[in-house]
Amino acid sequence: MSDISRRKFLQTTSASALLFFSGLNNTHAAPAKAYPSKKIGNIRDLKPNEPLAFNYPDEQSPCLLVKVDNETIGGVGPQKNVVSFSTLCTHMGCPLTYSKGRLVCKCHYSMFDVSRNGQTYQGLASQWVAQIVLRLDAGTGNIYAEGVEGLIYGRIGNLKLS
Amino acid sequence: MSLFKRKDSLPIPPLDAEKYTTVCQYCSAGCGYNVFVWPEKRSGTAKSNAFHVDLSQQNQLLSGFSYTETMHNVITRKNGNKYNLAIIPAKESRINKGDYSIRGGTNAQTAYTPTGHTKDRLKDPLLRKENGFVAISWDDAVEIIATVTKSSIDKYGADSIAMKFYDHGSSGLGFEDNWGAGKLFLSGIQTHYLSIHNRPAYNSEVWGSRERGMHELNYDVDDARLADTIVLWGANAYESATVFFTEHIMPNLQGGSVEEKKQEFDAGEPAEEGRIIVIDPRKNATITVSQDINAERVLHLRPNLGTDWILANALARIAWENKWYDSDYLQKRTDMVTFEAYKSKSLQLAKSLDAVLADAEKITGISRKEMEEAAGWIAKPKTGGFKRRTLTLYEKGIIWNMKNYDQVAAIAQLNVLTSNVGRPGTGCGRLGGHQEGYVRPGAPTPGSIYAGGPPKNVDNYITGGGGKIYWVGATDPYLSTPNSKFFKKSVKKRATNLLDYLDNGGIPSDPKAYIAKVLEAFEKTDGLFMIVQDIYRTHTSEDAMLILPAAGWGEAVDTSINCHSRLLRIYDKFLDAPGEALPDWKILALVGNKLKALYEADGNKVMAERFSGMEWKNDAEVFEAGSHEFGDNKATESEEARLSAECYKGVTHEMLRKLGNEGIQTPVRQDPATGKLIGTKRRYKYSFASKDGLFKWYGTDAWTGYPAEVAKYVDNPAYPYWFTTGRSQHVWQTMYNDKRIPEKLLTVPLPYLEIHPNDAVKLNLKTGEMAEVFNEEGSCLALVYVNDATKPGLVFGLMYHAKGTMNNLTSSYTDPKTTIPWYKGTKVGVKKYTGKLDDAIKTVSLLSNNDFTTS
């Protein structure tokens with residue numbers, strides 16, 4: 001990609017998403033054998049279509065949790081409408097922005113449907129975006145990330161960064 | 001919860017993994033790829049691996065290295081051992097720079113595996129018996145085909161053999177297979193009933209340009225980054241030549257190539273971010289992506305179906321009126337005798353500008369203001385009087401439009417009138433669909449009606465009862481030919497008549513007895529002996545008598561060129577073909593050699609000679625043999641126009657292996673001074689490809705309305721919607737690979753229609769429902785997307801899908817000048833489907849694929 005494409009990408013990417021990238025090589029997750037269980041939010045705090053950012057399974061992997069308007073594949077909650085995905089585009093690693101029920105990449109315009117298993121319904125990404133396995137604790141409303149289905153962009157294994 | 005099995009880690013190739021270079025098997029872009037093969041049990045390490053990438057770190061965005069779930073597979077070689085296979089986009093390729101599309105990213109998934117997605121690849125020749133197909137030996141298959149062919153030629157003449165074969169590169173194995181098919185059908189059999197994979201005849205889709213002296217592939221990828229204005233005319237580049245768009249057009253629109261422009265342009269010439277004009281009845285993703293980048297520099301014209309040449313001529317007239325042309329260029333480089341016909345018929349100089357534009361507004365539906373703006377973007381000199389640089393690329397929306405010849409000629413002429421060929425940042429030609437790789441002996445029909453044509457319509461011949469043998473190679477006309485329902489019905493009937501005759505008293509198992517009975521059936525019935533040669537069973541192969549298993553991409557050495565630079569590269573062999581499958585050239589050579597032997601045994605030297613020259617031992621020999629067809633390629637730089645566009649004479653497989661992803665651009669010439677082989681970056685800087693080197697003008701026809709095949713619908717209230725078709729980014733052609741790949745089939749599970757919200761209200765249709773689209777030709781049941789891609793009154797359908805084809809609805813009309821069909825326009829009715837919806841709709845995305853906005 002040309003330099004200007006990078007500039008364009010920088011212009012169209014939110015500052016908070018960029019923070020993940022600025023710290024990439026400064027953090028080193030410990031080797032892990034199994035997916036950790038991590039509390040990422042509470043269902044009572046989620047507002048529709050206002051995604052919550054977090055990192056999983058390690059600090060170098062930005063993800064989001066979002067409550068959408070309709071039932072989803074792999075969603076939790078009474079309406080099965082709370083889902084979570086990696087926000088690294090599986091095509092070439094650019095940050096994904098949540099909008100109108102999908103994740104959009106402004107580098108090459110791949111779009112992933114968060115209700116339908118993260119499928120690339122438009123664009124270049126031949127791999128669907130990695131979906132985070134969620135567990136809802138019905139009593140407390142806490143939501144835990146407990147696994148990843150699909151490969152996170154830019155790594156040889158989801159748990160193999162040393 | 002995943003809809004299919006996902007991976008969360010990938011194997012690492014060791015340093016000594018086998019490495020090959022190849023090019024994607026799919027679209028015209030021709031992205032470079034590197035292939036790695038290593039034993040399943042072996043592994044490199046994060047720090048030491050054949051990728052030479054540190055895999056212990058999180059890869060940065062846009063690094064140019066990508067290795068995803070879809071880029072890996074496990075294959076079994078003929079030695080019985082399992083190997084990892086990784087097919088990775090090549091960062092060092094100047095075509096894709098590490099980028100890749102949703103098609104190319106799945107190349108590894110298409111590799112043959114005995115238990116995976118592709119396990120049902122064809123493995124043996126199959127003969128149709130009473131209750132289906134049974135495997136037979138190659139010896140028997142070749143004997144049956146050669147003997148039946150010979151008897152048919154001897155008794156009924158060469159025209160009793162008809163064929164429909166691919167003529168392209170990439171997934172079809174380029175120059176090698178095309179030379180094989182050319183030798184058998186054009187030199188050997190010499191039938192006139194030849195047709196090309198996607199159409200009813202054997203013709204160029206761009207005679208309207210070639211007969212002007214301009215081959216359609218005359219530009220380089222760099223021109224898309226250097227152009228002041230890019231025109232995409234009936235060409236949805238973002239979805240169908242994706243990486244060419246994202247790596248070369250998009251950076252230009254973003255301003256990323258301004259520095260390159262400053263280096264290439266004349267001193268003092270303005271250089272700024274590019275503009276784009278998209279001429280398409282549909283607001284497709286190419287337009288909305290461009291608008292997301294810089295809406296002020298995007299112009300979208302939506303002409304009425306079939307009217308584009310009127311629009312092109314109107315734009316040319318505006319350029320003429322404003323003197324946005326270079327008289328010196330026209331005098332020196334173009335034929336001023338034929339220019340008179342262009343001035344009178346195309347520019348209509350006898351009529352006032354106002355009258356011409358008023359007519360054009362009425363016919364095309366484009367306003368004068370839009371026409372004037374577009375003409376300015378194409379032709380108006382820049383500040384300082386510098387010529388604008390415009391690259392115009394057209395594709396199926398033009399070549400498969402009504403009046404193929406005039407459409408193509410009008411666009412070619414608009415660009416030459418405005419000097420937009422042969423300079424950096426200019427060019428005029430095809431965006432392309434697949435890659436190319438054509439080398440064959442001369443075709444029986446050399447050109448359009450103005451140059452010895454038109455060629456024969458083989459579809460009409462077959463459906464009308466003509467021919468005895470119909471050989472179909474790597475195409476599925478039951479889905480892809482126009483008016484396909486009628487075609488299928490007719491072929492099925494003739495195939496059934498043959499089978500019924502053979503079955504009466506039992507289909508003989510002995511090849512000689514079988515052959516005798518087939519020949520008897522030829523005498524007594526209108527039976528059609530259809531041979532289908534392919535990598536999978538197809539819709540068409542249901543009615544074949546014989547199915548031949550072919551090797552696919554990666555299973556034989558192939559050479560092809562891409563469309564946007566004519567870049568010739570090697571597509572190396574890294575896979576074993578399944579079972580008994582053979583490269584197409586080898587299958588054709590087996591039959592050709594057998595025919596030669598049969599004629600020799602008859603003492604018929606003349607016929608035996610026609611089938612000689614097919615005794616190749618390997619693919620490198622076929623490549624070399626084909627190169628002689630190009631003649632002498634000793635030429636200086638300024639003589640390049642006289643070389644055939646795909647000339648590779650002197651180039652060898654070994655040389656291409658050394659060049660790898662760098663390749664060499666055709667036409668390749670042998671420099672008279674040094675004897676060296678030199679590629680050609682950009683064409684027609686010095687002269688055109690006519691005998692005297694001058695561009696030949698042509699006066700296009702006036703508007704005369706729609707042909708009878710479509711005109712019958714125009715005022716018929718039963719068919720109120722105009723109908724056009726196109727492709728999806730996800731799937732390639734008939735989905736022969738993609739219907740086996742879960743990511744693809746889940747995303748595009750059904751044929752689909754796009755309907756404008758206004759029409760959807762009238763039809764009581766919502767996104768996610770299904771509708772039948774129909775006319776007197778046929779019908780298709782499809783998933784509905786309601787969105788603003790189409791205009792009110794216009795419905796769009798995915799051209800074809802493994803589960804149904806919109807070609808059931810296309811008419812049998814072809815341009816009388818070229819025999820090219822109008823796939824892209826007819827009229828239809830739409831009816832809501834009220835049965836149970838297909839289960840696939842529960843998992844498919846129903847979002848609009850032309851909305852990229854995030855606010």
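Chain naming here is simple, since letters A, B, ... match the order of the sequence lines and numbering starts at 1 in each. In this text, all values refer to a predicted model and were calculated from it rather than measured experimentally.
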Legend entry - Residues forming a side-chain hydrogen bond (donor to acceptor under 3.5 Å, both in side chains) with B:T70, sequence neighbours excluded: A:S126, B:T68
Inset, instruction - Return the option, out of A:G123, A:G118, A:A130, A:S110, with the maximum number of heavy-atom pairs under 4.5 Å with chain B. - result: A:G123
Inset, instruction - Run the salt-bridge test on A:R102 and B:D851 with the 4.0 Å N-O cut-off and return the result as yes or no. - result: yes
Legend entry - Engaged part of B:E273 at the chain A interface, taking heavy atoms whose separation is under 4.5 Å: neither
Legend entry - Verdict with reasoning, B:H730 to A:Y121, per ring pair (Phe, Tyr, Trp, His ring centres under 6.0 Å): CA-CA 8 Å; B:H730 295 78; A:Y121 71 95; 8.3 Å; no
Inset, instruction - Report the distance from atom CG of B:L10 to atom CG of A:L151, rounding to the nearest 0.5 Å. - result: 5.0 Å
Legend entry - Heavy-atom pairs under 4.5 Å with chain A, option from B:F65, B:Y67, B:F4 with the top count: B:F4
Legend entry - Donor on one side chain, acceptor on other, A:Q122 and B:Q729, under 3.5 Å: yes
Inset, instruction - For A:C107 and B:L62, work out which heavy atoms get closest and say how close. - result: SG-CD1, 4.1 Å
Inset, instruction - For residues A:Y98 and B:T854, determine if any side-chain heavy atom of one lies less than 4.5 Å from a side-chain heavy atom of the other. - result: no
Legend entry - Contact leader toward chain A among B:L847, B:N96, B:L55, where contacts are heavy-atom pairs under 4.5 Å: B:L847
Inset, instruction - Examine whether an atom of A:T90 lies under 4.5 Å from a heavy atom of chain B, and if so say whether it belongs to the side chain, the backbone or both; otherwise answer neither. - result: backbone
Legend entry - Spacing of A:C105 atom SG and B:F852 atom CZ [to the nearest 0.5 Å]: 11.0 Å
Legend entry - A:T120 vs B:T747 side-chain heavy atoms within contact, under 4.5 Å: no
Legend entry - Side chain / backbone / both / neither for B:K842 at chain A, heavy atoms under 4.5 Å: backbone
Legend entry - Side-chain heavy-atom pair B:Q57, A:L161 within 4.5 angstrom cut-off: no
Inset, instruction - Quick one: pull up NZ in B:K7 and CG in A:N158 and give me the separation to the nearest 0.5 Å. - result: 13.0 Å
Legend entry - Check: A:H91 side chain, B:Y100 main-chain N or O, donor-acceptor pair, under 3.5 Å: yes
Inset, instruction - With rounding to the nearest 0.5 Å, note down the distance linking CG in B:L61 to SG in A:C89. - result: 10.0 Å
Inset, instruction - Using only heavy-atom distances, determine whether the side chains of B:T853 and A:K100 contain a donor-acceptor pair under 3.5 Å. - result: yes
Legend entry - Residues, nucleotides or ligands: over 12 heavy atoms within 6.0 Å of A:K80 NZ: no
Legend entry - Proximity breakdown for B:P11 and chain A, heavy-atom pairs closer than 4.5 Å: backbone
Inset, instruction - Would you tell me whether A:Q127 and B:E69 have side-chain atoms, one donor and one acceptor, within less than 3.5 Å of each other? - result: yes
Legend entry - Shortest non-hydrogen separation from B:G98 to A:M92 and the atoms involved: O-CE, 3.8 Å
Inset, instruction - Side chain from CB out, backbone as N, CA, C, O: work out which of these in A:E149 comes under 4.5 Å of a heavy atom of chain B, or both, or neither. - result: both
Legend entry - NZ-OG distance between A:K160 and B:S9, expressed to the nearest 0.5 angstrom: 4.0 Å
Inset, instruction - Kindly give the heavy-atom pair with the smallest separation between B:L746 and A:Q119, and that separation in Å. - result: O-OE1, 4.0 Å
Inset, instruction - Verify whether one side chain among B:D292 and A:Y109 offers a donor that lies under 3.5 Å from an acceptor in the other. - result: yes
Inset, instruction - Taking the side chain as every heavy atom from C-beta outward, state whether A:I156 and B:I12 have any pair of such atoms under 4.5 Å apart. - result: yes
Legend entry - Contact class of A:Y153 relative to chain B, heavy atoms under 4.5 angstrom: both
Inset, instruction - First locate atom CZ of B:F245, then atom CG of A:L124, and finally report the distance between them rounded to the nearest 0.5 Å. - result: 10.5 Å
Legend entry - salt bridge (Lys or Arg N to Asp or Glu O under 4.0 Å) contacts in which one or both residues fall within residues 115-136 of chain A, not counting sequence neighbours: A:R135-A:E146
